Amino acid sequence: MLEELQRRNLSAITTRIYLHSVEEFAQYFKTSPDRLGLEHVRQYQAHLFTDRKLEAVSVAQQVSALRFFFLKTLKRPWPVEDMPAPKQPIRLPEILSREEVERLIQAAVSPLHRIWLLILYATGVRREELVQLKIGDIDSDRMLLHIRQGKGRKDRNVMLSPRLLQELRDYWRAANPKPQTYLFPSKGAHRDGDVPMTSKSIWSAVQQAATRAGLDKRVHPHTLRHCFATHLLESGTDLRTIQLLLGHVDLKTTSRYLNLSQRYLRATASPLDSLTLAASPNPKNRSHKK
């Protein structure tokens, strides 16, 4: 299966997730996965929903991995009509106000965590893209940040704000030892191998800051990406530009931020306001007349 994934040049994240999903599938039945069939997949899918209480998006990811395993590795049929993809609910993400973003950043546990939060909000990058940033990706002459091989193996550029550039320079001056290749190298067992840190560190940093800031909303690294897009839209940036900055393939994906922007929602009047209704009678007056 690993060879089939590598032949298609799928990302390291997809490869890891797919292999782990098939591994869990085999462990659940305590049987080698090539000895299992579609009926086992149906049972396992029900188990993921009823016993493990996974969200539809997580179950769909596991089913995709199993479909790849059966179709591409085992060369077995996968009847689509018998193996439907889980229906996924469409939910709008939580958005922080600008004041809440400030509180979140100010509540960072350390200067390193602070610079991570600043990058997430200032550029809208994904946490996996953040950990892969290299020193050479900072273009201070053109005031750009280069995102290399982001989601879907696509390159893109995002703006580099003067404020963020100064924060990055302060980080560089304080760093000891100085990063050699990756902007945020791993400090674990591979610290001498010049490899990037794991994205779990970013997740933990955001969670800790949200707790310290006393935010009641559910906050994770992707929340700052949503805030980046929504706040740009509220400031007058057009959807097409936001689409390019986020790296979305389809403008429909970016257009959901119209549902999150206070500027656009408040600018639309309700049809109720166009009606010439008489004022509602006071219930106390009606009872007095009787």
Side-chain angles (χ1 to χ4, degrees), residues 13 17 48-61 86-131 133 151 158-159 161 163-164 167 171 184 197-237 239 242-243 245-248 252-270 272:
I13 295 175
I17 291 174
L48 295 177
F49 275 119
T50 58
D51 299 330
R52 292 183 56 181
K53 310 296 183 184
L54 295 185
E55 294 286 342
V57 62
S58 299
V59 176
Q61 193 175 64
K87 185 174 180 59
Q88 301 182 31
I90 300 175
R91 298 190 179 97
L92 293 176
E94 290 267 25
I95 297 297
L96 304 180
S97 66
R98 286 174 170 81
E99 293 74 21
E100 288 173 324
V101 172
E102 289 181 4
R103 286 168 52 193
L104 181 71
I105 294 173
Q106 295 296 348
V109 173
S110 67
L112 181 59
H113 286 194
R114 173 187 166 86
I115 193 67
W116 293 346
L117 299 181
L118 287 170
I119 294 174
L120 289 172
Y121 179 64
T123 64
V125 296
R126 304 173 178 90
R127 61 178 173 138
E128 292 82 5
E129 296 168 342
L130 170 55
V131 300
L133 284 176
K151 186 176 181 180
V158 296
M159 73 283 246
S161 78
R163 175 69 180 275
L164 179 58
E167 295 276 358
Y171 158 74
F184 303 109
M197 64 180 183
T198 66
S199 61
K200 290 182 180 179
S201 302
I202 307 296
W203 181 280
S204 299
V206 174
Q207 293 290 296
Q208 293 172 17
T211 300
R212 286 164 57 97
L215 298 176
D216 296 329
K217 298 176 180 177
R218 183 184 177 190
V219 182
H220 45 79
H222 220 71
T223 302
L224 290 174
R225 178 174 165 86
H226 296 316
C227 294
F228 166 82
T230 304
H231 295 171
L232 280 180
L233 190 61
E234 291 176 342
S235 299
T237 307
L239 271 179
I242 297 174
Q243 177 193 5
L245 292 172
L246 293 177
H248 287 162
K252 290 181 180 179
T253 307
T254 314
S255 64
R256 68 174 172 168
Y257 293 108
L258 291 171
N259 286 307
L260 302 171
S261 170
Q262 292 182 348
R263 174 191 174 197
Y264 282 86
L265 293 177
R266 291 178 178 177
T268 305
S270 168
L272 177 62

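Quick caveat, the model's predicted, so the values are computed rather than measured.
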Contact list for residues 102-119, test side chain to side chain donor-acceptor pair (under 3.5 Å), sequence neighbours left out = Arg114-Glu167
query = Between the main-chain N or O of Thr254 and the side-chain N or O of Gln243, is there a donor-acceptor pair closer than 3.5 Å?
reply = no
ask   = Hey, mind stepping through Leu48 and Ser58 against side chain to side chain contact (heavy atoms under 4.5 Å, CB included) and telling me if it holds?
value = CA-CA 9 Å; Leu48 295 177; Ser58 299; over 6 Å; no
query = Step by step, would you call Leu239 with Leu258 a side chain to side chain contact (heavy atoms under 4.5 Å, CB included)?
reply = CA-CA 9 Å; Leu239 271 179; Leu258 291 171; 3.9 Å; yes
query = Can the ring centres of Phe228 and Tyr257 be said to be less than 6.0 Å apart?
reply = no
query = Sequence neighbours excluded, which residues qualify as side chain to side chain donor-acceptor pair (under 3.5 Å) partners of Lys151?
reply = none
query = Can you list every pair that meets salt bridge (charged side-chain N to carboxylate O under 4.0 Å, His left out) and has a residue in residues 116-129, with sequence neighbours left out?
reply = Arg126-Glu129, Glu129-Arg156
key: Gln207, CD: over 12 other non-hydrogen atoms inside 6.0 angstrom   = yes
message = Classify the ring geometry of His231 against Tyr121: parallel below 30°, tilted from 30° to 60°, perpendicular beyond 60°.
response = perpendicular
request  = Apply the test side chain to side chain contact (heavy atoms under 4.5 Å, CB included) to residues Val219 and Leu224: give CA-CA distance (whole Å), side-chain angles for both, the deciding distance (0.1 Å), then the verdict.
outcome  = CA-CA 8 Å; Val219 182; Leu224 290 174; 5.7 Å; no
ask   = Would you say Asp216 has more than 12 foreign heavy atoms packed within less than 6.0 Å of its CG?
value = no
task = Answer yes or no: is there a side-chain heavy-atom contact under 4.5 Å between Leu133 and Ile119?
result = yes
inquiry  = Tell me if a side-chain donor or acceptor on Glu100 pairs with a main-chain N or O of Ser97 at a distance below 3.5 Å.
reply    = yes
note = One should read off an interatomic distance between Leu260 CG and Thr230 OG1, to the nearest 0.5 angstrom, of 4.5 Å
query = Would you say the side chain of Cys227 lies within less than 4.5 Å of the side chain of Thr223, judging by non-hydrogen atoms?
reply = yes
